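Here is how names work: the chains are called A, B, and so on, in the same order as the sequence lines, proteins then strands, and each is numbered from 1. Just so it is clear, the structure is predicted and the values come from calculations on it, not from any experiment.
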Protein chains: 2
Amino acid sequence: MNFNAITIKDIARELGLSISTVSKALSDSYEISEKTKKLVNDYATQNNYSPNPIAKSLKQGHSKSIGIVVSTIDNSFFSQVINGIESVAYNKGYNIIITQTHESYDLEMRNIKHLTFRSIDGMLISLSAETPDIEHLRVLQKKGFPIVFFDRVSGDIDTHKVIADNFNGAYDGTTHLLNSGYKRVAHVTSSPNLSITAERLAGYKKALEDNGIEYNANYVRYCLHGGRDLNEIETALNDLLAMYERPDAIFTASDRITTTTLALLHRLKIKIPDEVALLGFTNTKLAEILNPSLSSLFQPGFEIGKTAMEMLIGLIESKHPVTEYETKILPTQLVIRNSSMPVPVTGV
Amino acid sequence: MNFNAITIKDIARELGLSISTVSKALSDSYEISEKTKKLVNDYATQNNYSPNPIAKSLKQGHSKSIGIVVSTIDNSFFSQVINGIESVAYNKGYNIIITQTHESYDLEMRNIKHLTFRSIDGMLISLSAETPDIEHLRVLQKKGFPIVFFDRVSGDIDTHKVIADNFNGAYDGTTHLLNSGYKRVAHVTSSPNLSITAERLAGYKKALEDNGIEYNANYVRYCLHGGRDLNEIETALNDLLAMYERPDAIFTASDRITTTTLALLHRLKIKIPDEVALLGFTNTKLAEILNPSLSSLFQPGFEIGKTAMEMLIGLIESKHPVTEYETKILPTQLVIRNSSMPVPVTGV
DNA sequence: TTGTACGCGTTATCAC
DNA sequence: GTGATAACGCGTACAA
């Protein structure tokens with residue numbers, strides 16, 4: 001396993017010192033003379049010694065690695081979150097172990113068990129869409145195991161969570177559409193099980209209310225599989241477009257739903273925004289480039305990952321048990337595009 | 001760290017047995033009586049004991065975890081590869097540790113060092129586009145450290161690699177365009193440093209040759225940053241479209257280049273395939289949905305990851321040092337689409 | 001059939 | 001300023 005086979009023992013033998021002296025020299029202990037330190041350190045660097053992290057972990061009682069549970073990595077939002085997590089993990093010397101639930105409750109439980117058996121120091125989790133209750137997480141948390149929830153959180157547990165400001169995002173998005181002159185704004189959203197869905201719906205409703213427009217439940221369509229099932233969205237769109245009072249704008253609630261809606265409208269040869277306007281949450285820059293008239297709510301995946309990881313490290317490294325749960329809210333950026341303006345794009 | 005705090009020691013004390021008896025009972029040793037085994041196992045499961053993997057690693061000399069180095073996880077191809085890797089890793093009890101180079105040579109070296117210091121059992125790597133030489137990997141390999149290269153490999157080293165059949169993919173793609181009646185097929189590709197670029201170019205050239213069409217170097221454009229820099233591709237396209245003998249088809253060489261080209265042509269209001277046909281390597285189903293007339297070469301990311309991981313496990317778990325290097329080639333699937341046909345899509 | 005003793009590589013405590 | 005010893009949790013010769 002260790003192909004830099006040199007250990008603290010080797011260098012002790014080679015230098016005619018004791019193991020503990022070498023260990024202390026390496027950790028720059030005050031009780032070791034400067035010349036011994038130099039001797040040891042020089043030898044160590046020359047033979048590129050590196051401490052065996054496994055032995056270190058066994059001794060110190062932590063593994064310097066954390067587990068991540070997401071639905072799937074093959075999703076712009078989550079890969080951006082992981083990017084954010086990695087950026088701080090790397091600097092703090094933590095390894096990340098990624099597992100995917102593929103939206104299955106069963107897989108979620110297996111992964112969590114697997115991760116805890118792997119003796120990780122903490123966990124970052126975004127619930128699977130299927131997950132009905134979070135008893136399995138609550139017991140862990142009760143034991144004092146550090147967990148931070150992000151994005152897909154549950155209202156059933158008071159704990160550390162990092163989420164986008166979905167309410168205000170949806171509020172801003174809907175308001176933008178209304179301010180642009182659209183009167184009948186539909187909302188295509190994901191599974192009603194998820195807290196993010198409720199928050200976004202609330203923001204949408206509040207915006208309607210504040211603009212004196214009556215809420216119409218027929219304008220809201222749920223897609224249980226959140227964009228993974230094309231037919232679901234297709235049905236929703238067909239229903240909406242066939243209505244007598246056909247919506248003049250659609251507000252979509254997640255990356256996959258947004259891009260799929262964009263694609264479907266494209267296939268149906270519906271012109272955006274002439275026939276129907278489209279504004280949605282997204283992480284796929286491609287969607288914006290393809291259709292500059294598509295304004296979007298950019299989900300700050302990177303920032304969410306970064307913040308969640310920082311919070312988790314705080315939990316792990318704090319000596320005192322954490323008693324106060326805080327919820328950190330990050331802003332969702334509303335990116336306003338205008339079809340007559342050039343689109344500032346830096347990359348895909 | 002271990003919140004299932006129970007150890008083999010606890011259960012020995014509790015049951016009035018010795019530690020080694022418990023250990024043996026747990027591993028179903030033949031020298032332990034059935035009743036003792038049952039006693040121990042029952043107690044273990046009831047108190048959901050699980051062996052500390054760190055102690056196990058230290059003892060057994062392997063960590064049951066492998067390292068992955070990719071340019072960026074935020075890329076359909078690589079996240080699909082990782083999906084494939086994870087699928088077999090999970091079954092075999094391996095953990096995966098993911099690191100990203102962001103195409104930087106420096107970061108690649110740091111990550112590799114970081115991973116080896118973390119005492120992983122093996123490594124899966126796709127070279128960064130910047131990487132000029134692979135001396136740092138060759139030394140590891142010389143020591144007998146298990147490494148499998150995938151996708152972005154180097155010709156400078158004889159080792160285990162898993163790649164798509166880029167030559168035949170490019171050959172098939174180009175041939176398909178030529179058979180469809182296009183005469184002037186341009187090729188927009190990535191950095192000439194990468195082996196995949198050379199292979200694809202070779203396939204493209206051979207297809208031209210076999211169809212009696214002369215190779216025109218002006219029709220080939222390199223994008224050093226492989227789609228990360230929009231301007232590069234924009235320039236390439238503008239150049240091509242401004243030529244006197246303007247290409248009537250474009251063959252793009254990577255996921256990012258394909259989607260970016262699609263987006264740019266869209267913005268330039270160039271009709272596909274009427275004004276210029278487009279066929280490219282891709283992993284983003286969105287591109288196909290948006291433009292059903294876009295035929296594509298689907299990069300088998302999942303299969304590549306799966307195969308690479310299987311190969312790596314073979315390397316790790318083989319008792320005998322591996323002397324024979326084999327290169328496994330996977331087919332690239334050509335997905336033919338026709339604008340007059342309905343597009344069979346199952347998800348985005 | 002069960003128990004004892006040692007080692008994996010490291011750090012921490014204590015004695016010299 | 002340096003070195004011996006114990007301990008982290010586990011597996012395994014070897015002894016009983």
(message) My understanding is that only residues two or more places apart in sequence, or in another chain, count here; which of them pass side-chain contact (heavy atoms from CB on, under 4.5 Å) with A/Val148?
(response) A/Leu124, A/His160, A/Val162, A/Ala308, A/Met311, A/Leu312, A/Leu315
(message) Show every salt bridge (charged side-chain N to carboxylate O under 4.0 Å, His left out) that has at least one partner inside residues 35-46 of chain A, sequence neighbours left out.
(response) A/Asp28-A/Lys37, A/Glu34-A/Lys37, A/Lys38-A/Asp42
(message) Restricting to non-hydrogen atoms, name the atom on A/Ala89 and the atom on A/Ile96 that form the minimum distance, rounded to 0.1 Å.
(response) CB-CG2, 3.7 Å
(request) Starting at atom CG of A/Leu26, determine the distance to atom C1' of D/dT2, rounded to an integer number of angstrom. (result) 15 Å
(message) Tell me the interatomic distance from B/Asp28, atom CG, to C/dT1, atom P, rounded to whole angstroms.
(response) 13 Å
(message) I need the full list of salt bridge (charged side-chain N to carboxylate O under 4.0 Å, His left out) pairs touching residues 14-23 of chain B, with sequence neighbours left out, sorted by first then second residue.
(response) none
(message) At less than 4.0 Å, is any side-chain N or O atom of A/Lys35 found next to OP1 or OP2 of D/dG1? Yes or no.
(response) no
(request) Please report how far the helix from C/dT1-D/dA16 to C/dC16-D/dG1 bends, comparing the axis fitted to its first five pairs with the axis fitted to its last five, to the nearest 10 degrees. (result) 50°
(message) At less than 3.5 Å, do the side-chain atoms of A/Lys59 and the base atoms of C/dA12 form a donor-acceptor pair?
(response) no
(message) Quick check on the 6.0 Å ring-centre criterion: do B/His62 and B/Tyr94 meet it?
(response) no
(request) Check step by step if side-chain hydrogen bond (donor to acceptor under 3.5 Å, both in side chains) holds for B/Ser20 and B/Ser23. (result) CA-CA 5 Å; B/Ser20 57; B/Ser23 172; over 6 Å; no
(request) Specify the separation, in whole Å, of atom NZ of B/Lys56 and atom C1' of C/dG9. (result) 19 Å
(request) Find which nucleotide of DNA chain C each of B/Tyr30 and B/Gln60 is nearest to by heavy atoms, and output the residue with the more 5' nucleotide. (result) B/Tyr30
(message) Expressed as a whole number of angstroms, how long is the span from B/Lys64:NZ to D/dC10:P?
(response) 18 Å
(request) In whole angstrom, give the distance that lies between atom NZ of B/Lys9 and atom P of D/dG11. (result) 15 Å
(request) Give the rounded distance in Å between these two atoms: CG of B/Leu39 and C1' of C/dT1. (result) 14 Å
(message) Under 4.0 Å, counting only non-hydrogen atoms across every strand here, what does B/Thr36 touch: a base, just sugar-phosphate, or nothing?
(response) sugar-phosphate
(message) With a 4.0 Å cutoff (strictly under), does any side-chain N or O of A/Tyr49 reach OP1 or OP2 of C/dG9?
(response) no
(request) Starting at OG1 of B/Thr21, measure out to CG of B/Leu26 and round the result to the nearest 0.5 Å. (result) 11.5 Å
(request) For B/Ile32 and D/dG11, give me the distance from atom CD1 to atom P, rounded to whole Å. (result) 13 Å
(message) Expressed as a whole number of angstroms, how long is the span from B/Asp10:CG to D/dA7:C1'?
(response) 15 Å
(request) For DNA chain D, find the residues of residues 11-25 of chain A with a heavy-atom distance under 4.0 Å and give them by number; none if there aren't any. (result) A/Leu17, A/Ser18, A/Ser20, A/Thr21, A/Lys24
(request) From the options C/dT10, D/dC8, C/dC8, select the nucleotide whose nearest atom is closest to the side chain of B/Leu58. (result) C/dC8
(message) I need the B/Asn83 CG to B/Ile85 CD1 distance, nearest 0.5 Å.
(response) 9.5 Å
(message) Listing request: all salt bridge (charged side-chain N to carboxylate O under 4.0 Å, His left out) pairs with a residue in residues 61-85 of chain B, at least two apart in sequence or in separate chains.
(response) B/Lys64-B/Glu317
